[in-house]
Amino acid sequence: MCIRANPDTDDWEKAFEVRDKPVSASDVQIFGKKCIDMGVREAAVVMVADKQEKFDPAALSAWAGGFGLGLTLFQDWGGFVEQALFWAKMPKPAGAIAAARFIHERLLGVEASPEGVALWNELMAKKPSA
């Protein structure tokens with residue numbers, strides 16, 4: 001997914017790739033090269049597979065930096081969500097509530113199973129543990 005800096009321009013500002021399967025360092029480099037070729041200068045890869053191999057993000061960032069590409073790697077959902085909420089226009093608590101509502105609406109929009117929607121509602125009804 002790519003994001004434009006301005007809807008009136010053809011210039012891409014950022015690119016994201018989200019994978020729920022194991023990603024290798026070479027997969028990240030292939031994505032990074034595509035970004036460079038498209039003129040994108042900031043890219044992020046979200047790698048959240050259960051069996052995701054941990055690798056050195058500094059080495060990949062250095063590789064990307066050599067091409068003028070800023071690269072951010074998220075190896076779990078927690079780090080990604082934390083960053084998204086930090087950079088949102090609203091305070092984190094309000095952003096988290098809004099995100100939960102948007103996800104619920106999206107589940108309905110994609111016609112997720114009633115069991116899936118019920119599970120989401122159950123998870124959202126739980127009180128956070130201290």
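Bear in mind the structure is a predicted one, so any value in this text is a computation, not a measurement.
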Are Met124 and Ile103 packed together at the side-chain level, in the sense that at least one heavy-atom pair is separated by less than 4.5 angstrom?
no
Does atom CG (Asp50) have a neighbourhood of more than 12 heavy atoms from anything else shown, all under 6.0 Å?
no
Any donor-acceptor N/O pair, Gln52 side chain to Val23 backbone, under 3.5 Å:
yes
Got Asp76 and Met47 here, is their nearest side-chain heavy-atom distance under 4.5 Å?
no
So which atom in Ser24 and which in Phe55 form the shortest heavy-atom distance, rounded to 0.1 Å?
C-CE2, 4.0 Å
Below 4.5 Å, heavy atoms only, C-beta onward: do Val28 and Trp63 meet side chain to side chain?
no
Are Phe102 and Met90 linked, directly or through intermediate hydrophobic residues, by side-chain heavy-atom contacts shorter than 4.5 Å (ILVMFWY only)?
no
Closest non-hydrogen atom pair, Ser61 against Leu71:
OG-O, 3.4 Å
Side-chain heavy atoms of Phe16 within contact of Thr72, under 4.5 Å:
no
Cys35 and Ala15 have their tightest heavy-atom pair at SG-CB, 3.6 Å
How far apart are the closest heavy atoms of Gln75 and Lys54, and which atoms are they?
OE1-CD, 2.8 Å
So, taking the atom named NE2 in His104 and the one named CG in Leu123, what distance separates them when rounded to the nearest 0.5 Å?
12.0 Å
At what distance, to the nearest 0.5 angstrom, does CG of Leu60 lie from CZ of Phe31?
12.5 Å
Please report the interatomic distance CZ(Arg106) to CH2(Trp120), rounded to the nearest 0.5 Å.
13.5 Å
Could you state the interatomic distance from CG (Asp27) to CZ (Arg19), rounded to the nearest 0.5 Å?
4.5 Å
Should Val40 and Ile36 be regarded as members of a common hydrophobic cluster, given that ILVMFWY residues are connected when their side-chain heavy atoms come within less than 4.5 Å of each other, either directly or indirectly?
no
Give the intermediate values and the outcome of side-chain contact (heavy atoms from CB on, under 4.5 Å) for residues Val81 and Phe74.
CA-CA 10 Å; Val81 170; Phe74 296 100; over 6 Å; no
Counting only heavy atoms not in Glu82 (residues, nucleotides, ligands), do more than 12 fall under 6.0 Å from its CD?
no
